[in-house]
Amino acid sequence: MYSKANTPASRSQINTEPTDSNTMEIETSRRDFLKVSATAAGGLTIGMSIPGCSNYRANEYRTDGSWSANAWLEITPENNVVFTLDRVEMGQGTMTGLTTLVGEELRVAPERIQVVFAGVANEYRNPDYGLQLTGGSNSLSSSWGQIREAAASAKVMLEQAAADVFSVPTDQVFAENLHCVNKRDGKKVTFGSLAKIASKGSVPAKVALTESKDFKYIGKQNNRVDALSKVNGEAQYGIDVVKEGMKYAVVIRSPFIGGELASFDKAQILKQKGVIAVVEIERGLAIVAEKYWQARKAATAANVSWQKPENMPESSQTILDLYKRAAEEDDGKSIVNVGDADKAFDSASEVVEFEYTAPFLAHATMEPMNCVARVSKGKAEIWTGTQAPDIARVAVAKVTDVSLNDVTIHNQFIGGGFGRRLSQDFVAEAAEIAFKTGEVIKLVWSREEDTQHDLYRPATYHRVKAALDDQKNVMAWSHQIVAPGIMDWYVWDASPAMFPWAPKFMYSTLGHAGLLTAGTPITPADHSPYEGADQLPYDFPSINVSHTKADAGVPISYWRSVGHSQNAFVVESFVSELADKVGVDELAFRKNLLKDSPRHLNVLMTAARKAGWGKPSEQNVYQGLAVHKSFGSYVAQVVDIKIEHNEVKLVKVVCVIDCGQVVNPDIVTMQMESGIIFGATAALYGEITIQDGQVQQSNFHDYPIMRMNQTPEMEVVIVESNEPPTGVGEPSVPPVAPAIASAVFKATGKRVRSLPVKLS
Amino acid sequence: MHINVNGKPHEVESDDDTPLLWFIRDEIGLTGTKFGCGQGLCGACTVHLNGVAIRSCVTPVSAVIGQEISTIESLKNSDGSLHPLQKSWVKHNVPQCGYCQSGQLMSASALLSANPTPSDEDIDAAMSGNICRCGTYSRIKKAIKDVSGTMNAADSGIHPDEHLQHYNLDLAYEAKIR
């Protein structure tokens with residue numbers, strides 16, 4: 001149904017305060033908010049831009065102070081809608097979610113919309129970051145208003161065009177299923193045939209969005225639009241790309257973290273069957289061959305030696321020692337300082353104090369790292385799956401003679417991201433090999449390489465302390481986190497990507513500047529070490545949270561739920577410990593402390609009720625729980641476990657999420673299931689260990705992933721809400737480990753203060 | 001020296017010890033079968049050898065000369081419609097990133113060929129060799145159970161193209177597997 005807000009009468013009322021996130025009249029003062037141009041083929045191209053004066057967004061992104069329009073939506077003369085998706089599809093459902101938003105406002109089924117993956121352009125930057133990243137579970141929340149506005153604008157302009165064609169007032173026309181219908185006589189005209197006329201019209205100053213009570217697709221669309229191509233073998237991932245004349249490359253990299261190439265027998269390698277080139281690159285030694293297996297065999301047989309670096313991270317033990325020393329010597333940066341913790345500890349009846357650790361973790365995407373690169377005549381073309389195509393361009397520019405704007409990234413379906421594909425190391429490798437050999441290169445990593453040359457979820461060390469008074473009330477909570485900063489590693493490619501006009505010689509400077517300006521509007525502060533530990537929902541009178549930075553030199557990056565992945569484990573586990581210390585059931589203990597956190601309380605109590613908290617379904621079943629907010633969403637989980645053959649067997653997980661307005665309900669459920677398995681895998685098996693400077697794990701036999709026979713029954717409950725949508729890709733990961741740890745304590749009497757859980 | 005893939009013979013140009021996976025993906029160009037681990041640990045490379053599920057990443061081409069290989073691309077019915085498992089996968093919204101799903105479907109179809117009404121334990125045993133990092137296992141199991149028992153033996157196998165008529169096949173063996 002058309003929106004009544006579109007009538008002339010309502011336009012006289014400028015509504016600047018949104019009363020409901022679903023019905024918003026957006027006033028735009030700039031006439032070129034949406035630049036409209038007719039494409040050569042006669043299709044209508046609507047540029048969607050983020051209005052500078054958008055009044056519901058607190059953090060706006062501005063480049064030189066304005067957004068130049070570009071295309072998200074194209075309407076073709078053949079009456080197709082083509083939607084350019086700028087948030088990558090890696091399983092989490094952005095393709096379906098964002099297409100649903102378009103479908104809602106254009107009034108057409110999402111399945112009817114053709115989706116293409118965006119190249120790099122300023123318009124496609126993630127408004128929360130100022131970079132074209134997909135990550136942080138914010139694709140829907142950051143696109144919620146903008147994508148809908150532009151689709152609604154397109155619809156309005158098409159209706160106006162139809163009104164002209166039918167010679168009726170615009171309120172006598174409505175758009176539906178890629179047609180505009182004349183309400184008076186039912187005659188229809190296609191979007192495609194209206195495109196040219198619509199493009200001569202003016203962009204509406206205000207556009208009303210569909211009211212939530214009228215939603216046809218939002219909150220109702222469950223079918224994934226990419227399901228078919230993923231069951232018939234047709235979905236193309238980076239590793240599937242084939243280009244004319246393509247050669248295959250394998251890179252041998254230092255087994256020692258940070259090591260350098262010492263020597264190699266080039267002649268010996270060139271003698272191997274099918275090998276056509278051997279080149280040194282920044283990150284190792286590249287072998288190029290006619291066929292992949294030939295390159296792989298030549299790499300295995302190659303005589304290569306490596307030089308250990310000076311400050312090599314020696315072992316997991318030396319890294320932990322480093323962290324402990326840092327904790328002793330450096331109080332670190334104060335993150336939270338509420339009340340007077342020192343006084344509380346001095347006057348405490350009892351002080352409870354523990355150490356917690358969490359290990360390095362690999363991403364282990366099912367699709368190993370890969371990239372196809374062509375570099376010739378000052379231009380570069382890249383085919384890969386990447387979560388950050390603009391940063392990929394920087395990585396390519398750095399290792400070739402190609403300038404940033406001459407690098408084209410062709411993004412693909414991604415066989416697992418989890419943050420791994422935010423880093424562009426594999427793109428840089430392929431580009432450098434292509435540049436140095438002049439060949440079109442397909443680089444494929446083995447699973448061993450993928451496991452050993454990851455950028456890991458950081459290992460961290462924690463000291464937690466609580467002060468109890470003589471009534472066993474918790475008077476103070478203290479948490480010292482020893483951890484490296486992910487931004488220290490990430491900034492080198494990310495900063496230059498924010499300044500695409502900058503010449504290459506400035507890249508290093510921009511990296512330094514990015515570090516220096518961290519915490520300012522130029523560069524966001526690096527929350528990764530302490531997120532999940534800093535915004536405690538619990539009512540403790542005094543809270544101290546501090547971060548001591550310590551970096552062992554192991555490459556690190558963003559891993560699904562980032563800092564929350566280890567901090568929720570520590571925080572929720574310590575809360576459970578305190579409950580036990582105080583002699584109170586951990587649910588009741590939390591309930592008492594969450595009086596000012598209603599959304600936490602709601603998901604927690606709902607999960608407890610659904611899981612039959614306190615009344616396990618059978619004997620030998622033990623229950624643990626956890627509640628945690630991350631990426632704007634509130635999640636509580638209750639885990640039922642058994643101990644069988646001295647191993648933890650997950651029987652059931654109840655998961656309750658409050659993520660605001662839901663766009664695709666079944667996708668929310670899928671993401672809860674996904675995060676539970678991901679988090680449980682980490683909690684029960686996940687550990688990257690280092691010995692003699694080398695990562696010890698290599699494949700799925702020693703870095704196991706949960707399998708079907710280990711999967712628990714899962715029940716997901718979604719809280720109904722009209723709040724704007726918040727994230728679902730990551731929030732179900734953090735609560736799993738502490739919920740399992742708590743259940744293990746109930747079963748064994750032993751506390752779990754390090755991961756993975758080890759019973760003996 | 002040739003291998004029959006989806007009913008068509010393909011000359012083998014790769015070296016003898018090349019895993020079948022790379023022959024399928026790179027020589028023939030059928031990229032539906034995926035590379036995940038190279039050690040037979042994850043199941044992404046699962047194809048059918050004479051109707052039985054094998055891991056093509058640890059099967060050298062030399063071991064399957066003259067044999068019949070079926071990949072995900074031929075799972076659909078001979079009239080082009082989706083295999084019941086594929087329909088069920090879509091109905092239950094199984095795929096997330098989707099990378100493991102070709103292997104999952106090939107393992108599932110081999111299971112149902114041999115055992116049209118598997119128990120939960122049977123499904124676990126047949127499917128636990130296929131890793132899904134996105135955690136779609138519960139939906140895979142539901143999708144298999146939705147189909148099992150409703151399929152008769154003739155539907156549950158793989159249907160190669162008509163070209164198959166021209167080549168020597170152990171048809172009796174095929175019938176036994178189905």
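Note that these values count all heavy atoms, side chains included, but never hydrogens, waters or copies made by symmetry.
In terms of non-hydrogen atom pairs under 4.5 Å with chain A, the most contact-rich of B:Lys91, B:Met127, B:Gln39 is B:Gln39. Considering only heavy-atom pairs separated by less than 4.5 Å from chain A, the leading option among B:Glu121, B:Arg25, B:Lys87, B:Gln101 is B:Arg25. Options A:Ile677, A:Asn699, A:Val242 differ in how many heavy-atom pairs under 4.5 Å they form with chain B, and the most are formed by A:Asn699. Between chain A and the residues B:Ser14, B:Ala44, B:Cys37, the largest count of heavy-atom pairs under 4.5 Å involves B:Cys37. Taking B:Ala125, B:Ser128, B:Gly98, B:Gly32 one by one and counting their heavy-atom pairs under 4.5 Å with chain A, the maximum is reached by B:Ser128. Counting heavy-atom pairs closer than 4.5 Å to chain A, the top-ranked of the candidates B:Ser102, B:Ser138, B:Cys42, B:Pro19 is B:Pro19. Each of A:Gly416, A:Ser446, A:Ala680, A:Ala364 has some count of heavy-atom pairs under 4.5 Å with chain B, and the biggest count is that of A:Ala364. Ranking B:Ile72, B:Asp15, B:Asp120 against chain A, the residue ahead of the rest is B:Asp15, based on heavy-atom pairs under 4.5 Å. Between chain B and the residues A:Lys273, A:Met714, A:Glu290, the most heavy-atom pairs under 4.5 angstrom are made by A:Lys273.
Checking side-chain atoms of A:Ser139 against main-chain N and O of A:Gly135 turns up no donor-acceptor pair under 3.5 Å.
Both the backbone and the side chain of B:Arg133 come within contact range of chain A, with heavy atoms under 4.5 Å apart. With a 4.5 Å cut-off on non-hydrogen atoms, A:Ala235 touches chain B through its backbone but not through its side chain. For a residue to count as touching a neighbouring chain, one of its non-hydrogen atoms must lie under 4.5 Å from one of that chain's; by this rule A:Glu448 touches chain B with the side chain only. At a 4.5 Å heavy-atom cutoff, B:Leu30 makes no contact with chain A through either its backbone or its side chain. Both the backbone and the side chain of B:Ile131 come within contact range of chain A, judged by heavy atoms closer than 4.5 Å.
Aromatic pair A:Trp293/A:Tyr248: centroids not less than 6.0 angstrom apart. In summary, the aromatic rings of A:Phe117 and A:Phe413 are positioned with their centroids under 6.0 Å apart.
Residue A:Lys220 places its NZ atom among more than 12 non-hydrogen atoms of other residues, nucleotides or ligands, all under 6.0 Å distant. Other residues, nucleotides and ligands contribute only 12 or fewer heavy atoms inside 6.0 Å of the CD atom of A:Glu647.
No side-chain heavy atom of B:Thr136 sits under 4.5 Å from any side-chain heavy atom of A:Glu673.
Between the CG atom of A:Asn664 and the CG atom of A:Asn222 there is a distance of 7.0 Å, given to the nearest 0.5 Å.
A salt bridge (charged side-chain N to carboxylate O under 4.0 Å, His left out) with B:Lys141 holds for exactly one of B:Asp124, B:Asp146, B:Asp122; it is B:Asp124.
Ring geometry for B:Trp22 against B:Phe35 counts as tilted: the plane angle lies between 30° and 60°, on a 0 to 90° scale.
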